[in-house]
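Report on the structure given below.
Nothing here was measured: the structure is a model prediction, and the numbers come from that model. Note on naming: letters A, B, ... go to the chains in the order of the sequence lines (proteins, then strands), and numbering restarts at 1 for each one.
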Amino acid sequence: MDQSSPAPRISELHDHAGQPVVVRGWVTHVRSSGKVAFAVIRDGTGVCQAVFVKSVVPPEVWERFGQLTTEASVLVTGIPKPEPRAPGGFDLQVSDLVIHGESPTDYPIQPKEHGVDHLLDNRHLWLRSPRQRAIFVIRNEIEQAVHDFYYQRGFLRVDTPLLTAAIGERAGLFETEYFEEGKAYLAQTGQLYGEAAAAAFGKIYTFGPTFRAEKSKTRRHLTEFWMIEPEVAWNDSADNMRLQEDFVAYLVQRVLEKCRPQLAELERDVAKLEKVTVPFVRIDYTDAVATLQSKGSDVKWGDDLGAEDEALLVEDYEKPVFVMNYPKEAKAFYMKENPADPRTVLCDDLLAPEGYGEIIGGSQREDDYEKMIARIKEEGLPLDAYGWYIELRKYGTFVHSGFGLGLERTVAWICGLPHIREAIAFPRMMHRLRP
RNA sequence: UCCCCAGUAGCUCAGUUGGUUAGAGCAUUCGACUGUUAAUCGAAGGGUCGUAGGUUCAAGUCCUACCUGGGGAGCCA
């Protein structure tokens, strides 16, 4: 093995054309035509094609090629040459081959269609496929864009606890023993802590995993998912929606700017993403109900909008749609009463186009001490569990609002994925705890 | 929790009104081929038809229960 040659990543091969290098990676395809043989090598940055010419390579190297199997890990020494016929655009004219880790011939993922059950059972191996890599490059770009967006706007990132006492929503909590304190619950949201942090730091956001023990079996649900939750002091509901549309438009823009090859790998219709520009569409709940009724829905004022209603509402628009100011009964206790119509609260859901549904839920928070206590009692929630949260209204209450954006739903929409489970490396669903 | 659907080779599937020895493609193994692109061509191996019970002369096929998974509803991001 040539120890003196550089070992660039495959994406860097163009800087080494004509010079011997060592490529380290995994074998994705092996083909032989008798006296010329090809092995496609993947290293996570791209693929290149190692070319073995029987009359050129040493006999023992030719012999070793014959032992190559899909997903064997290898160190290949050779000279990279631009080659339009080669996958990845580069041939590697091979002089030496070391098989680092062999791979038995029963590798479960083939370059053909598989059922979801099989793919999910083999998620640890499925991640190696080009499509999955494209998704995770885009997810990474979105995560980085989230941090850039808020950093540029002077937000502080605050990490909120995942182990909490019973607070937040009531249903669907994962519980665990917590020493002498009784039960602890995995966080369903960081929002309440985010509100405390907003009073301390002004503009904050959280970015972390959240947990819902709902027995939901749909293409939009996970039991563990990542959420970005900004909370901003002195923002009212209108400010809140402006922040949301700026944010979502920025994420889409960043992916369009940085991830064209990945969008192409996923065969995403980019024209649809290019239409996602501010301002988004705004529809008042009351108007939405009227529109839905005229379209034949039997929804009544006061009902929450079902998935079918949402789809019906969004079908006429090519950009995301805000539905604002829902009836009080349909929404959480912490949302602020709408002064213009006290039957409703100052909130918004943001519905993504193309049937991807709700990606954001946001609201202005109730900042009146007495009204908040009254709402907690109305909902039948245990007042003492919310002691510290209510104190945020006692000591210097403040107008504030915020929202939660579901990362996997956003990734699924931007990538055009048929199911949210592909938007996270190791999805947790009702029937999936491993791998 | 409710509704619908599926389970046959390692993978993806076909299998007729119930009828002899359950098939195909891919993958695997062996052979051929000096530019392959999910290479091609030839040959071979590979099955407790999800589990248990039932109907029948006869069950992959019909019935019941269960198991496993998928899609949707509700709830939400």
On a whole-Å scale, what distance lies between the C1' atoms belonging to B:U61 and B:U8? 11 Å
With RNA chain B as reference, determine whether A:Gln93 or A:His431 sits nearer its 5' end, using the nearest nucleotide of each. A:Gln93
Distance, C1' atom - from B:C4 to B:G42, rounded to whole angstrom: 47 Å
Expressed as a whole number of Å, how far does the P atom of B:A14 sit from that of B:U56? 31 Å
Parallel, tilted or perpendicular, as decided by the 30° and 60° cut-offs, for the rings of A:Phe155 and A:Tyr205: perpendicular
Report which part of the nucleic acid A:Glu308 touches: base, sugar-phosphate, or nothing (heavy-atom distance under 4.0 Å, all strands). nothing
Nearest-Å distance, CG (A:Leu433) to P (B:U68)? 14 Å
When you compare B:C26 with B:C63, how far apart are their C1' atoms, in angstrom units rounded to a whole number? 36 Å
Pairwise P distance, B:C62 and B:G18 [rounded to whole Å]: 8 Å
Length of the line joining A:Arg219:CZ and B:C4:C1', which is rounded to integer Å: 14 Å
Let's see if you get this right: which residues in residues 402-416 of chain A place a heavy atom under 4.0 Å from RNA chain B? A:Gly404, A:Gly406, A:Arg409
Can you name the residues that form a salt bridge (Lys or Arg N to Asp or Glu O under 4.0 Å) with A:Asp287, not counting sequence neighbours? none
Quick test of your reading: applying side-chain hydrogen bond (donor to acceptor under 3.5 Å, both in side chains), list the pairs with at least one residue in residues 17-37 of chain A, sequence neighbours left out, ordered by first then second residue. none
B:G71, B:A77, B:U36: which one has an atom nearest the side-chain heavy atoms of A:Phe225? B:A77
Taking atom C1' in both B:U51 and B:A6, compute the distance separating them and give it to the nearest angstrom. 16 Å
Determine whether a donor-acceptor pair (N or O, by modelled atom type, separation under 3.5 Å) exists between the side chain of A:Arg428 and the backbone of A:Leu222. no
Could you check whether A:Ile360 gets within reach of a base, just the sugar-phosphate, or nothing at all, counting any heavy atom under 4.0 Å? sugar-phosphate
Can you tell whether the side chains of A:Asp91 and A:Arg85 come within less than 4.0 Å, N to carboxylate O? no
Name the closest nucleotide to the A:His118 side chain, picking from B:C11, B:A73, B:C33. B:C11
Which heavy atom in A:Pro435 sits nearest to a heavy atom in A:His124, and how many Å separate them? CG-ND1, 3.7 Å
Side chains of A:Thr344 and A:Asn338: any donor to acceptor distance under 3.5 Å? yes
Any donor-acceptor pair under 3.5 Å joining the side chain of A:His114 to the base of B:C11? no
Could you verify whether a donor N or O on one side chain and an acceptor N or O on the other, from A:Thr210 and A:Arg212, lie under 3.5 Å apart? no
For A:Phe403, give me all partners under ring-ring contact (aromatic ring centres under 6.0 Å, His included), at least two apart in sequence or on another chain. none
5′-ward residue of the pair A:Val36/A:Thr218 relative to RNA chain B: A:Val36
Side chain of A:Val53 (C-beta onward), nearest among B:U34, B:A38, B:A77: B:U34
Hey, what are the protein-to-nucleotides 1-3 of chain B N/O distances that come in under 3.5 Å?
residue, atom, partner, partner atom, Å
B:U1, OP1, A:Lys215, NZ, 3.2
B:U1, O4, A:Lys215, O, 3.0

Starting at atom CG of A:Asp304, determine the distance to atom P of B:A77, rounded to an integer number of angstrom. 10 Å
If the P atom of B:U28 is compared with that of B:A38, how far apart are they to the nearest Å? 15 Å
Touch check for A:Ala37, heavy atoms < 4.0 angstrom, all strands: base, sugar-phosphate only, or nothing? nothing
Check: A:Asp239 side chain, A:Asp236 main-chain N or O, donor-acceptor pair, under 3.5 Å: yes
B:G74, OP1 or OP2 - any side-chain N/O from A:Arg212 closer than 4.0 Å? no
Check this for me, if you would: do A:Glu315 and A:Lys295 make a salt bridge, where the nitrogen-to-carboxylate-oxygen distance has to be below 4.0 angstrom? yes
Taking A:Pro8's backbone N and O only, do any of them form a donor-acceptor pair with A:Glu12's side chain (distance below 3.5 Å, no angle check)? no
Scan for salt bridge (charged side-chain N to carboxylate O under 4.0 Å, His left out) pairs involving residues 407-426 of chain A, sequence neighbours excluded, and state none if there are none. A:Arg131-A:Glu422, A:Arg139-A:Glu408
Sort by first number and list every stem of RNA chain B: at least 3 consecutive Watson-Crick or G-U wobble pairs, both distances under 3.5 Å. B:1-7 with B:67-73, B:10-13 with B:23-26, B:28-32 with B:40-44, B:50-54 with B:62-66
Between the protein and nucleotides 7-9 of chain B, which nitrogen or oxygen pairs come in under 3.5 angstrom?
none

Quick one: ring pair (Phe, Tyr, Trp, His ring centres under 6.0 Å) pairs with a partner in residues 35-91 of chain A, sequence neighbours left out? A:Phe52-A:Phe65
Is the shortest side-chain N/O distance from A:Arg421 to OP1 or OP2 of B:G71 below 4.0 Å? yes
Please answer whether the main-chain N or O of A:Glu358 pairs with a side-chain N or O of A:Asp349 as donor and acceptor at a distance below 3.5 Å. no
Does the plane of the ring in A:Tyr150 sit parallel, tilted or perpendicular to the ring in A:Phe247? Use 30° and 60° as the thresholds. tilted
Which of these nucleotides, B:G69, B:U36, B:A77, is closest to any side-chain atom of A:His221? B:A77
Using only side-chain N and O atoms of A:His419, determine if any of them is under 4.0 Å from OP1 or OP2 of B:G70. no
For A:Gly357, report the nucleic acid contact type (base, sugar-phosphate, nothing); a contact means any heavy atom under 4.0 Å. nothing
Over all heavy atoms of both residues, which pair between A:Pro130 and A:Glu265 is shortest? Give the atoms and the distance, please. CB-OE2, 3.7 Å
What is the distance from CZ of A:Arg31 to C1' of B:G35, rounded to the nearest Å? 10 Å
Sugar-phosphate or base contact per nucleotide [nucleotides 26-32 of chain B; S, B, -; heavy atom under 4.0 Å]: BSSS---
I'd like to know whether the aromatic ring centres of A:Phe280 and A:Tyr317 sit less than 6.0 Å apart in this structure. no
For the aromatic rings, using the six-membered ring if either is Trp, is the centroid distance between A:Trp388 and A:Tyr193 under 6.0 Å? yes
Does B:G35 have A:Phe38 stacked on its base, where the ring centres are within less than 5.5 Å and the planes differ by under 30°? no
What distance, rounded to whole Å, do you find between the two C1' atoms, one in B:C2 and one in B:G74? 9 Å
Let's see if you get this right: which residues in residues 54-67 of chain A place a heavy atom under 4.0 Å from RNA chain B? A:Ser55
Would you give me the side-chain donor-acceptor pairs under 3.5 Å for residues 99-109 of chain A, sequence neighbours excluded?
residue, atom, partner, partner atom, Å
A:Ser103, OG, A:Thr70, O, 2.9
A:Tyr107, OH, A:Leu125, O, 3.3

Could you check whether A:Glu337 pairs with A:Arg375 (Lys NZ or Arg NE/NH1/NH2 to Asp/Glu carboxylate O, under 4.0 Å)? no
